[in-house]
There are 2 protein chains.
Amino acid sequence: MQTERQIQIIEESIKLIALKGIQGFTIKNLSKAIGISEPAIYRHFESKTAILVAILDSFKEMAGMMSSLPFDEEQPAVEKIAFIFFRMLDVFTEQPTIIPIVFAEEIFKNDNMLKEKINEIQNLNLQKIETIIEQGQEAGNVRQDIDKSSLAIIFLGSFRLLIKRWDLNNYNFDLKEEGTKLVNSFKLIL
Amino acid sequence: MQTERQIQIIEESIKLIALKGIQGFTIKNLSKAIGISEPAIYRHFESKTAILVAILDSFKEMAGMMSSLPFDEEQPAVEKIAFIFFRMLDVFTEQPTIIPIVFAEEIFKNDNMLKEKINEIQNLNLQKIETIIEQGQEAGNVRQDIDKSSLAIIFLGSFRLLIKRWDLNNYNFDLKEEGTKLVNSFKLIL
DNA sequence: ACAAAGTTAGTTAATGTTCGCTAACTTATG
DNA sequence: CATAAGTTAGCGAACATTAACTAACTTTGT
């Protein structure tokens with residue numbers, strides 16, 4: 001369980017990284033953002049790395065929730081995939097600060113444990129989509145001339161690029177609109 | 001024009017960033033990798049930022065070359081796009097160290113000028129592909145029910161994800177093989 | 001009921017290390 | 001002999017973290 005202060009530290013850390021990059025994520029900047037002294041941070045996390053671990057764990061939890069959505073098996077793959085992506089669009093529009101972290105694995109290249117965690121999260125998402133496509137191909141509602149793994153990479157990859165561009169261009173277009181356009185393209189492709 | 005030493009510094013910097021992340025890119029690490037003292041670096045670049053600028057400029061030059069390939073106008077869009085992606089596959093297999101930099105804009109979030117440069121490079125690539133698709137749609141050899149911008153994002157996005165995964169998984173699969181598979185899927189989609 | 005003991009969450013001051021970078025000097029080269 | 005390219009020594013600033021202490025609560029023993 002996390003205390004209120006711990007949650008606050010995690011949230012401010014995410015904001016800091018989103019805004020200033022991993023190099024701007026210092027205990028000094030963090031404590032300033034929260035309004036307590038630097039050593040006070042260490043009453044709630046034993047190290048800076050521990051904060052990063054907590055951030056990634058919260059992301060993993062989120063990814064886990066996303067990938068364990070209880071779908072009606074009868075539903076065509078197109079619908080399931082559209083549902084997942086729309087859900088993600090909601091999450092990112094509500095909390096745009098997580099984008100640079102979720103999609104920037106290189107940030108954690110320093111630490112092997114963190115790198116592993118990021119990789120796990122990515123695989124979780126990719127596999128979920130692959131499974132849905134597989135089921136669709138078996139049920140005959142998804143084209144079979146393209147491999148399920150290729151289709152999964154195509155969907156997730158293009159979705160990631162769209163979201164990253166939205167972030168990089170200071171949210172200057174309507175993500176939900178463009179996202180819907182993209183997902184509709186997915187429907188035409190499947 | 002760049003001296004031999006400057007080129008060496010740029011190359012070692014890229015390697016360092018690829019291996020240790022932006023936080024591992026320090027003048028100390030750099031000078032150690034090259035085998036000279038720290039102040040000697042400053043005989044060749046006036047600051048650390050100047051090195052990063054030189055790196056991005058070399059990438060931009062590369063992207064410019066890629067996007068100014070003289071295509072036979074008669075050629076169908078599929079062929080042009082396949083050609084570009086195969087070319088990129090070659091570049092990345094030869095120099096895998098550039099991957100984490102080319103595809104990790106967040107690294108440069110600190111500095112606005114660097115951020116701009118990265119954005120420019122990305123737009124260059126995206127626009128080139130969009131133009132090719134547009135020509136293909138006009139010539140009637142590309143489907144018209146999906147917007148050219150969506151198609152461009154789909155191709156570039158999935159390609160990026162594939163390459164990033166190759167990097168993140170320590171090059172443990174055959175990139176050219178998987179890349180060819182993906183490009184063949186593009187052909188089926190177009 | 002109440003004082004002693006312990007916990008929590010903060011403070012200021014200071015630790016050793018690393019950062020990018022500079023000054024002053026030396027060596028190698030044409 | 002002048003210039004380019006290196007050296008050693010050291011700068012101030014920032015880094016993550018620790019030490020020592022304190023005020024405000026909570027728990028415990030009688």
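Computed over heavy atoms, backbone and side chain alike; hydrogens, waters and symmetry mates excluded. Per chain, numbering begins at 1; letters A, B, ... match sequence-line order.
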Would you say a side-chain N or O of S37(B) is under 4.0 Å from OP1 or OP2 of dG6(D)?
no
From CD1 of I36(B) across to P of dA4(D) the rounded distance in Å is 16 Å
Whole angstroms only, please: what is the CG-P distance between L30(A) and dT17(D)?
12 Å
Quick one: is dG10(C) close enough that its OP1 or OP2 comes under 4.0 Å of any side-chain N or O from H44(A)?
yes
K28(B) NZ to dT17(C) P: how many Å, rounded?
11 Å
With sequence neighbours excluded, residues passing side chain to side chain contact (heavy atoms under 4.5 Å, CB included) with K115(B):
N170(A), N112(B)
Any carboxylate oxygen within less than 4.0 angstrom of a Lys/Arg side-chain nitrogen, looking at K117(A) and D111(A)?
no
For the residue pair F155(A) and F85(A), categorise the inter-ring angle as parallel (less than 30°), tilted (30 to 60°) or perpendicular (more than 60°).
perpendicular
Position toward the 5' end of DNA chain D (nearest nucleotide), G35(B) or Q23(A)
G35(B)
For dA4(D), does either OP1 or OP2 sit under 4.0 Å from a side-chain N or O belonging to R5(B)?
no
Rounded to whole angstroms, how far apart are CD1 on I27(A) and P on dT11(C)?
14 Å
Atom CD of E38(A) to atom P of dA14(C): distance rounded to whole Å?
15 Å
For dT7(C), does either OP1 or OP2 sit under 4.0 Å from a side-chain N or O belonging to R43(A)?
no
My understanding is that only residues two or more places apart in sequence, or in another chain, count here; which of them pass salt bridge (charged side-chain N to carboxylate O under 4.0 Å, His left out) with E12(A)?
K15(A)
So, does T26(B) get its side chain near the phosphate of dC19(C), meaning an N or O under 4.0 Å from OP1 or OP2?
yes
Spacing of Y42(A) atom OH relative to dT15(C) atom P, expressed in whole Å
17 Å
From C-beta outward on P39(A), which listed nucleotide comes closest to its side chain: dG10(C), dT18(D), dT7(D)?
dT18(D)
Does CD belonging to E61(B) count more than 12 external heavy atoms closer than 6.0 Å?
no
Within the structure shown, what part of the strands sits under 4.0 Å from F25(B) by heavy-atom distance: base, sugar-phosphate, or nothing?
sugar-phosphate
Atom pair distance, as rounded to whole Å: CD1 in I34(B) and C1' in dT7(D)
16 Å
Specify the separation, in whole Å, of atom CD1 of I9(B) and atom P of dC21(C).
13 Å
